Protein chains: 2
Amino acid sequence: MPTELKKKTATLSDIAEAAGVAAMTVSRVVSGVGYVSESTRERVLKALKDHNFRRNGLARGLKRRSTETVGLVLGDISNPYSTELARGVRETLLSRGFNLFICISDAGETEDTQAFKSLAEHSVDGIIVATRSNKGGDKYLRELVETNVPVVALGRDLEHRHVDLVGTDNFKGGFVATEHLIERGHKRIAFLGANLSVGSQLKRLQGYVAALEENAIAVDDELVVGHGDDNVGGYSTEEIGFEGMKRLLSLKNRPTAVFARNDFTAIGAMRAISDAGLSIPKDVAVVGFDDIPMAARMSPSLTTVRQPMRLQGEIAATMLLDRITSKTPIRRRQRVLDCELIVRESSSE
Amino acid sequence: MPTELKKKTATLSDIAEAAGVAAMTVSRVVSGVGYVSESTRERVLKALKDHNFRRNGLARGLKRRSTETVGLVLGDISNPYSTELARGVRETLLSRGFNLFICISDAGETEDTQAFKSLAEHSVDGIIVATRSNKGGDKYLRELVETNVPVVALGRDLEHRHVDLVGTDNFKGGFVATEHLIERGHKRIAFLGANLSVGSQLKRLQGYVAALEENAIAVDDELVVGHGDDNVGGYSTEEIGFEGMKRLLSLKNRPTAVFARNDFTAIGAMRAISDAGLSIPKDVAVVGFDDIPMAARMSPSLTTVRQPMRLQGEIAATMLLDRITSKTPIRRRQRVLDCELIVRESSSE
DNA sequence: TTATTGTATGTTAGCGTTAACATATTCCTA
DNA sequence: TAGGAATATGTTAACGCTAACATACAATAA
């Protein structure tokens, strides 16, 4: 025999036989439910240990019609806020005895659908979706909802009477960030990284526009630069900020302040400003969005809009658990969380 | 009735009844295996669509003893290379018809074990581990391996005759990075972020030491600064670089070059150097490790050691699939990938 | 004493799927 | 035209687990 025989995984019946009891008794010991005498329990526990028993979640799930598992679908993971969000979700789930499986989908409809499908087929008890909305994926998700799979949308929308929503007040975020710059005396304020195909981005832009209008500043289309329909995440948006800022700086009448759609984009913009030999915030003030850890530690440190990512994860998980444990259907609920302007050096000396 | 009734998920038997065939025939249509006449297939397909059928992966997995699913356990996800790694794994798996579930564990033994356990209980066909090694987690993993669960370790070790290894040549990376600095004329070269409890970090440090010794430069303990047993990921290591560099700069005989354990740490170091009014690379040269996208885009751009993260993911996935599909046990295999020095501005003008 | 409740176990059946086997029926080929 | 192969379908029995029910004995209450 060239290689060692490996142990076959033991089943409840195997343990039962070894301990001289019925399989059901072992099941009771393992799941800690029902009556088992102390002496029997000890005997069974020993057998479990001896045989290295691990229960078969498939069989268990099949019978119980619940796997106590939740799926989280993320678009971009290389992003500090994805981490925070996942942490919030996971901690809440764990404290309620649920497990978390994460799927990544960063390449559009097919992948989204693929991810949802694989989660659904593995009978997760519910799904938290934090990817960008797209037609094919949304369609599939709605089908899942129709067949009783609890779904919560995080940082995005999914129109359905049984899907909950958690998000940040992006409009307000855009508004206060822009207002802050206006208060500092800026009139030519650019918006960097506009991507109208993403709901949250659109809201931030709308907040920006509203703040300008409220202060009787005309919106200059030239100052709203975006990347059309870019589909990149995390760090990659730094490049968008860099390129966009270069374009802005090359304008005859360049902006004196810029509001970037997220912190990475802002960081890219700061780099472009430094490269051009200009000073922040003297020549150009910068405000970002998200408050990633790095924002506080740059020099100059970055003024930004903080959104409570972990809290969003916690709330989404709680909502999902509500749906999972509720016997009766729950109507759509929406939680829009407040966000907070964190003023640092990049916008004020 | 206050809320709408929702559809019950249809089973093979439901479809079979609707189409007037046996459940087995429906199964054949769904999985595309075995003989089914064209007319029957069409009838079944229609019924499947009408009833919105989704197959029950639990039952399927239970019967087939395979879920065609793989688990990837990551420590820190907010890290560009985790993304790349996951991408490599996922693409390879998808192309072979497997699904990927990711678990995050960033808080030590209990969480590691928890993650492994939940994957194992859900009967994934194999596990790729990319977390830091720790006693409790490793013990549990070995138990899994003993009960036939295929495991591949990525970027870390797990001693077991049936566990494959994929990693980068960290020793060489540390060596070439240090050698490069020596070639540039540096004699006082610091190592920043030493964490001896992590295998890969240790190897990088050893490479650093070896390069110094080969060039007859004594290792100065003062220049090896670390964080003992820190347990932080991604961005947080930027802080370690910042603090460590401040300490180094305060030495009476400060280093003229520094090799940081990863790019984030290097970025932190660069910040400390700039803050001290010193110039990079004139006063202090900096070399990082990983080549995250941002490294190329900073100013000055960061010299670093590139490791092929996506490739590592692909190889790990391939090795795991080998194990999953092989009928006979496979002996431990190890793939140590080469890494490459990318010279940029932070170490040469 | 007898009924009542609590404790401790066992038995049965079925969750939804598919491997393995059993039939039919058709189609060649020798 | 017999007989083997290919095609098309159905039946049965698990996979490993637990809900639901059944039983048995103890301890307590009336």
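Just so we're clear, the structure is a prediction, and the values are computed from it rather than from any experiment. Each chain gets a letter, A, B and so on, in the order the sequences are listed, and its residues count up from 1.
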- Side chain of Ala23(A): nearest nucleotide among dT18(D), dC15(C), dT17(C)? dT18(D)
- Message: By nearest atom, which of the nucleotides dT18(C), dG16(C), dG10(C) is closest to the Thr25(A) side chain?
- Response: dG10(C)
- Could you state the atom-to-atom distance from CD of Glu121(A) to C1' of dG16(C) in whole Å? 13 Å
- Taking only residues two or more places apart in sequence or in another chain, which ones pass ring-ring contact (aromatic ring centres under 6.0 Å, His included) with Phe101(A)? Phe101(B), His122(B)
- Note on the structure: To the nearest angstrom, the CZ-P distance between Arg55(A) and dT18(D) comes to 6 Å
- Item | Partners meeting side chain to side chain donor-acceptor pair (under 3.5 Å) with Glu121(A) (sequence neighbours left out) | none
- Task: Could you tell me the separation between the CG atom of Asn56(B) and the C1' atom of dC17(D), rounded to a whole number of Å?
- Result: 14 Å
- Message: Distance check needed: dC17(D) P versus Leu48(A) CG, whole Å only.
- Response: 10 Å
- Using the test ring-ring contact (aromatic ring centres under 6.0 Å, His included), find all partners of Phe98(B) that sit at least two apart in sequence or belong to another chain. none
- the helix from dT1(C)-dA30(D) to dA30(C)-dT1(D): angle between its terminal axes, five pairs each, to 10°? 40°
Side-chain donor/acceptor pairs under 3.5 Å, residues 24-35 of chain A, sequence neighbours excluded:
residue	atom	partner	partner atom	Å
Ser31(A)	OG	Ser27(A)	O	2.8

Report all interatomic pairs (protein N or O, nucleotide N or O of nucleotides 19-29 of chain C) with separations under 3.5 Å.
none

- Message: Give me the atom names and distance for the closest heavy-atom approach of Ala86(A) to Leu100(A).
- Response: O-CD2, 4.2 Å
